[in-house]
**Student:** 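Please find one structure pasted underneath; my questions will follow.
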Amino acid sequence: MTLQQFRYIVEIAKHNSISRAASELYVTQPSISKAVRELEAELGITILERTNKGVVFTKEGTDLLFYAKMLLEQMESVVHHFHKEKKADITKLAISSQHYGFAIEAVAHLMDSFAERKYELAIREGKSTDVIDDVYANRSVLGILSLTDLNKHLFERYFLSKSLKFTPIASMKQHVFLRKEHPLADQDSITLEQLRDYPYLTYQQDDMLLHFAEETLHVDKIGKLVYLKDRGAMNNLLANTNGYNLGTGCIVSHYMNSNIISIPLEGGNLIQVGYVKRSDVVLPEEMQVYLAFLTRALEKSMPQER
């Protein structure tokens with residue numbers, strides 16, 4: 001088996017089509033079909049089933065696809081490592097994070113500290129499972145996310161199975177984000193019952209970690225629900241509607257709309273913010289600098305006792 005064969009099946013999976021994969025890779029369709037047949041013969045499995053809607057991966061084919069992606073990512077890491085050695089004068093860092101303003105503020109301070117050097121930073125914001133996958137696949141050295149007392153033990157086992165290590169930075173009680181003009185803005189604390197008739201703004205619904213964080217909310221019983229992917233859209237809707245969001249309660253100056261406040265959620269869960277990394281990875285000095293900026297930004301933005 002060859003890496004080229006793996007590239008073929010990964011490309012087929014992207015398009016559910018051998019012809020489209022051939023076009024994207026600038027090879028002939030018979031070449032790809034032959035490579036797949038040879039791989040099937042070598043492994044003694046059936047990788048693809050052809051239907052009138054295109055090709056479908058079998059159970060064994062799906063398993064092979066997982067390993068193919070992993071091997072190609074490892075190969076990219078090898079290439080990146082040796083290319084990096086040739087470009088030692090450029091600092092390269094990749095960080096993934098859930099939608100946190102304090103994580104972005106820390107990036108801004110890191111950029112200031114790099115003023116006298118060349119650098120390439122890759123900052124990825126997304127759902128928690130994206131953050132974990134990025135770190136596991138070495139697309140990012142560090143992942144910023146949060147756990148709750150509801151899901152902590154589940155994800156500690158999940159991290160262990162993937163040889164990942166989670167290090168907490170700070171803990172806080174769940175808060176409600178809303179605008180200053182919201183009907184509940186004058187409350188010292190807010191209950192879920194009080195929030196029942198207001199729109200709930202939340203990030204992607206297919207986020208497994210988010211699902212557990214919101215388990216006590218009974219999301220399926222909420223009559224007004226808005227799913228978002230973008231932190232900017234979240235800020236704009238929180239600042240200009242009676243919608244609300246649950247989270248850390250951290251208010252990050254200059255990185256959040258100034259019309260947004262946070263109020264403690266009565267009976268809310270404990271949230272633990274921290275970072276995840278691969279157990280076999282030693283964080284470079286520059287990433288340690290970022291973590292110092294992150295800790296400072298987080299501490300500065302944490303909610304004060306009301």
Side-chain angles (χ1 to χ4, degrees), residues 91-114 119-148 151-152 155 158-159 162 164-172 174-175 177 201-214 227-235 238 245-257 260 262 271-278 281 283-284 286-303:
T91 299
K92 293 187 177 183
L93 293 176
I95 300 166
S96 292
S97 175
Q98 287 179 272
H99 302 81
Y100 293 136
F102 49 77
I104 301 305
E105 180 180 3
V107 171
H109 289 306
L110 185 67
M111 291 168 63
D112 288 341
S113 74
F114 286 172
Y119 60 83
E120 291 181 13
L121 304 180
I123 312 301
R124 303 181 177 94
E125 271 194 335
K127 58 188 181 183
S128 53
T129 44
D130 290 336
V131 173
I132 295 169
D133 288 345
D134 282 349
V135 175
Y136 177 64
N138 260 340
R139 287 186 290 269
S140 290
V141 176
L142 201 70
I144 314 301
L145 46 75
S146 64
L147 307 181
T148 73
N151 62 33
K152 180 180 178 182
F155 273 88
Y158 184 65
F159 293 147
K162 287 183 170 288
L164 301 177
K165 180 183 180 183
F166 177 78
T167 302
I169 299 175
S171 298
M172 65 282 290
Q174 252 180 332
H175 278 60
F177 288 106
L201 313 177
T202 185
Y203 289 108
Q204 295 161 312
Q205 67 189 101
D206 58 343
D207 191 335
M208 179 168 57
L209 187 56
L210 185 64
H211 168 75
F212 285 99
E214 295 172 345
Y227 287 111
L228 303 166
K229 290 187 178 182
D230 180 74
R231 186 162 47 89
M234 175 68 79
N235 281 340
L238 282 175
N245 171 247
L246 299 183
T248 62
C250 294
I251 300 295
V252 187
S253 300
H254 309 301
Y255 295 89
M256 289 179 65
N257 190 297
I260 298 173
S262 67
I271 296 178
Q272 203 170 53
V273 177
Y275 65 90
V276 63
K277 73 174 191 70
R278 287 174 57 122
V281 168
L283 295 179
E286 293 85 357
M287 199 61 84
Q288 298 286 357
V289 172
Y290 172 76
L291 284 175
F293 286 131
L294 177 71
T295 301
R296 192 181 312 165
L298 182 55
E299 290 174 349
K300 185 178 66 174
S301 65
M302 284 177 62

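We use all heavy atoms of the structure for the numbers below, so side chains are in, but hydrogens, waters and symmetry mates are not.
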**Student:** When you compare the side chain of E125 with that of I104, does any pair of heavy atoms fall below 4.5 Å?
**Tutor:**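 Yes, at least one pair of side-chain atoms sits under 4.5 Å.
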
**Student:** On a heavy-atom basis, which atom in Y255 and which in N235 lie closest, and how many Å separate them?
**Tutor:** O-ND2, 3.7 Å

**Student:** Are F155 and Y158 close enough that their ring centres sit under 6.0 Å apart?
**Tutor:**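 Ring centroids of F155 and Y158 are less than 6.0 Å from each other.
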
**Student:** So, taking the atom named OG in S262 and the one named CE in M172, what distance separates them when rounded to the nearest 0.5 Å?
**Tutor:** 10.0 Å

**Student:** Between CD1 of I132 and OG of S140, what distance do you get to the nearest 0.5 Å?
**Tutor:**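 Reported to 0.5 Å precision, the distance equals 12.5 Å.
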
**Student:** I'd like to know if the side chain of R139 reaches the main chain of R124, judged simply by a donor and an acceptor atom lying under 3.5 Å from each other, with no hydrogens or angles considered.
**Tutor:** no

**Student:** If we ignore angles and hydrogens, is there a donor and acceptor under 3.5 Å between the side chains of Y100 and S146?
**Tutor:**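 There is such a pair between these side chains.
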
**Student:** Below 4.5 Å, heavy atoms only, C-beta onward: do I144 and I169 meet side chain to side chain?
**Tutor:**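 Answer no - side chains too far apart.
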
**Student:** Could you tell me which non-hydrogen atom of H175 sits nearest to which non-hydrogen atom of P303, and how far apart they are?
**Tutor:**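 Closest pair (atom of H175, atom of P303, distance): NE2-CB, 3.4 Å.
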
**Student:** State, yes or no, whether a side-chain contact exists between F159 and L147 at a heavy-atom distance under 4.5 Å.
**Tutor:** yes

**Student:** Looking at K277 and V141, what are the two nearest heavy atoms and their distance?
**Tutor:**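 Looking at all heavy atoms of both residues, the closest pair is CB-O, 3.7 Å.
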
**Student:** Identify the heavy atoms of L93 and P284 that sit nearest to each other, and give their distance.
**Tutor:** CD2-CG, 4.1 Å

**Student:** Which residue pairs satisfy the salt bridge (charged side-chain N to carboxylate O under 4.0 Å, His left out) criterion with at least one member in residues 95-104, sequence neighbours excluded?
**Tutor:** none

**Student:** Keeping Y290 on the side-chain end and A103 on the backbone end, is there a donor-acceptor pair under 3.5 Å?
**Tutor:**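 At least one qualifying donor-acceptor pair exists.
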
**Student:** Is a donor on one side and an acceptor on the other found under 3.5 Å between the side chain of R278 and the backbone of Y136?
**Tutor:** yes

**Student:** Is any side-chain heavy atom of Y203 closer than 4.5 Å to a side-chain heavy atom of M234?
**Tutor:**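 With C-beta onward as the side chain, the pair touches.
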
**Student:** Between atom CG of L110 and atom CD1 of I123, what is the distance when rounded to the nearest 0.5 Å?
**Tutor:**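 The CD1 atom of I123 is 8.0 Å from CG of L110, to the nearest 0.5 Å.
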
**Student:** Without swapping roles, check the side chain of S301 against the backbone of V252 for a donor-acceptor pair under 3.5 Å.
**Tutor:**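 Checking the backbone N and O of V252 against the side chain of S301, no donor-acceptor pair under 3.5 Å is found.
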
**Student:** Mind checking the OG-CG spacing from S97 to L145? Nearest 0.5 Å is all I need.
**Tutor:** 8.0 Å

**Student:** Might you point out which heavy atoms bring L121 and M111 nearest each other, and give the distance in Å?
**Tutor:** CD1-CG, 3.8 Å

**Student:** If every non-hydrogen atom of L298 is compared with every non-hydrogen atom of C250, which pair is closest and at what distance?
**Tutor:** CD1-SG, 3.8 Å

**Student:** May I ask you to test the V135-K162 pair for a side-chain heavy-atom distance under 4.5 Å?
**Tutor:** no

**Student:** Mind checking whether Y119 and F114 have parallel, tilted or perpendicular rings, split at 30° and 60°?
**Tutor:**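 Correct class here is tilted.
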
**Student:** Report the residue from L238, L246, L201 that forms a side chain to side chain contact (heavy atoms under 4.5 Å, CB included) with F177.
**Tutor:**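 Testing F177 for a side chain to side chain contact (heavy atoms under 4.5 Å, CB included) against L238, L246, L201 leaves exactly one candidate, L238.
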
**Student:** Measure the shortest side-chain to side-chain distance between L291 and L294 over non-hydrogen atoms and say whether it is less than 4.5 angstrom.
**Tutor:**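 L291 vs L294: side chains touch.
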
**Student:** Take M302 and T248, measure what side-chain contact (heavy atoms from CB on, under 4.5 Å) needs, and give me the verdict at the end.
**Tutor:** CA-CA 8 Å; M302 284 177 62; T248 62; over 6 Å; no

**Student:** Answer yes or no: is there a side-chain heavy-atom contact under 4.5 Å between K300 and E105?
**Tutor:** yes

